[in-house]
**Student:** 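Mind looking over this structure? Questions follow.
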Amino acid sequence: MLLREIMHTDVLTVSPDTKLCEAYRTMHERKIRHLPVLDGEKLVGIITDRDLRFATSKLSEVPFDPEETVQNVMIKKVITAHPDDPIEIAARIMRDLKIGSLVIMENGKLVGIVTGIDLLDALLALTGVHRPSGRLDVRLSDRAGELAKLTKLLAERKINIHSILTYREKDDRVRVMLRLNTMEVRNIAEEICQMGIEVVWPVHVSCLR
Amino acid sequence: MFEIIFTGKYAKYNLGAEHPFSPLRMKMTLELLEALGEKVEFTEPQPVEPDELFKIHSQDYVEAAEAVSDGKEIPNAEKYGLGTADNPVTEGMAEGARYICGGTLLGAKMLIENKAEKVLQLGGGLHHAHYSSAAGFCLYNDLALAIKEMTQNGMYVAYIDIDVHHGDGVQEIFYNDDKVMTISFHETGEYLFPGTGSIFELGNGAGKNLKLNVPLEPFTEGESYLEAVKKVAQTALSQFHPDAIVIQSGADAHFSDPLADLLLTTQDYEKLFRLLIELGNNFAKGKMLFTLGGGYSFEAASRIWTILYLVLSGKKIPKNLEIPENWRRRWSGILGVELPEFLHDRPNSYKAIPRKKEIEAHNRDTVRRLLDLSTAGMFYF
Ligand SMILES: [Zn+2]
């Protein structure tokens, strides 16, 4: 999944001489937390609700006046990504740098923004249940063709796979969780067992004790 | 007054000899009742016409279903969930489903016109049929059609779904509707088909907070199940005060069901039916329409629906009521399995569950979280 598929393209921006109180109002009214700062078409910074609140807080050593401009508070080194970057790259950058959004740039122009919430939406799209389906959970040996055996059988039984999730377990085996468009997961699970694949769910079917 | 609706034409909704959603289950139930000396008198419904289904299904879906059922090839059957492993295409299935819809609709009309207080539709319960697609053995949503008929006659309706699978089709069709409350008790979608039915699915727009879901842990037993039903249904119905309750009485939460993982016994089902009737009498002026539903251990399903009939007719069920030999011999021959001697399950008929306490605690948390969520902004009535 690419950032292009999940980014917001209607990005609200401010200019360096926007007043802090105006930037605050925009964030409040539009329920957003990040505003890229553009000088003409050039990205010169980003300002977040957190930066704003810290800067203007009475608790700050020298609080900024709400009438001052964004350019004195904004972060000038903006972390950006490309629309064709995969979402896992975005997640990695945001996690490592502990930042809440990524500005998306293409050909030197701002084309979008992605926030942590968008990544959660992407996670839901990848893992969620979007069509009626039952769960099949298996352990595969880590070698070529294992998954193919499984999917071939499903295809023969006219069973559609709605999603596949997989991760490596400690003992180097591969856990694969599928959502199948059938009420009768147990029937197919039994056949899968006969092929020598360990079935984790449905449990009654685990023929490999 | 207690009315039964049935016709042999329901059997036209036949998805193949090997398919679990078999009309044999209704036949077994009726014959078991007769063997027990019950004189079952039923009203036979007419089928609905395809265009009557446009109230709850999209026109293109109904036309696609009718076409394939007539043996015609259509280019995008998959899109409508037709011709899959769960919903194979068989000749005449659409007509059969329209008889089933006609039956459940007739039940609704009996309640609307005060011709009956309790109705048992000995078929139907196709709760997985969606607005625009077949799913989970279900073609046309008879429940939704009946509920729609009632709301169009000014009634507020509560729908209670005790099938082990989430009642996703009915929920979807009324998701924005403020005249319909849906409550589904099911094995959690994390494991079981169709995957939906989390506590966070609460409805939308005018229907917000009127759609309730109780996803239960695999291997939930009767006590925990009944506790959840009592708590949630009582809280919800006492605030919604419907004019009638429609109940999808799927029997697939029984411990012997081959498709799911809950562990209800026939005794639990008897308690459940009595509890639901009590709730209906207290909060819905006694008006209730029961349909059948899932239930894929044929012998358990036929015993459970026999119990439903006996409870509805106000009978006490003796603890050791024996199943007549002739019924057992006949169906044992047809199904090729041993059949039990008694109507009720015998004690300790499934292996004890080591995680029992954990499962009960988890279910209690689920109910608590659901009620917190739904009462936070809720109940308009
Ligand atoms: Zn079911």
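Every heavy atom of this structure was used, including side-chain atoms; hydrogens, water molecules and symmetry mates were not. In what follows, every chain begins at residue 1, and chains take the letters A, B, ... in the order their sequences are listed.
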**Student:** Any chance the rings of B:His19 and B:Phe137 have centres within less than 6.0 Å?
**Tutor:** yes
**Student:** Quick check on B:His166 against chain A: is it the side chain, the backbone, both or neither that has a heavy atom closer than 4.5 Å?
**Tutor:** neither
**Student:** Look at A:Arg135, A:Met177, A:Lys158 and state which one has the largest set of heavy-atom pairs under 4.5 Å with chain B.
**Tutor:** A:Arg135
**Student:** Once the angle between the rings of B:Phe255 and B:Tyr350 is folded into 0 to 90°, is it parallel (under 30°), tilted (30 to 60°) or perpendicular (over 60°)?
**Tutor:** tilted
**Student:** Any salt bridge between A:Asp142 and A:Arg168, counting N to O under 4.0 Å?
**Tutor:** yes
**Student:** Aromatic rings B:His128 and B:Phe193: how do their planes relate, parallel, tilted or perpendicular, breaks at 30° and 60°?
**Tutor:** perpendicular
**Student:** Select one option (side chain, backbone, both, neither) describing which atoms of A:Arg131 are under 4.5 Å from chain B's heavy atoms.
**Tutor:** backbone
**Student:** Side chain, backbone, both or neither: which part of B:Glu187 has an atom under 4.5 Å from a heavy atom of chain A?
**Tutor:** side chain
**Student:** Between A:Asp137 and chain B, which part of the residue has a heavy atom less than 4.5 Å away: side chain, backbone, both or neither?
**Tutor:** neither
**Student:** Tell me the closest heavy-atom pair linking B:His165 and B:Pro194, and the distance in Å.
**Tutor:** CB-CD, 4.4 Å
**Student:** With only heavy atoms counted, which part of B:Leu259 is less than 4.5 Å from chain A, the side chain, the backbone, both or neither?
**Tutor:** both
**Student:** Do the charged groups of B:Lys357 and B:Glu360 touch, with an N to O distance under 4.0 Å?
**Tutor:** yes
**Student:** Pick from B:Gly169, B:Ala135, B:Gly136, B:Gly294: which one has the most heavy-atom pairs with chain A under 4.5 Å?
**Tutor:** B:Gly136
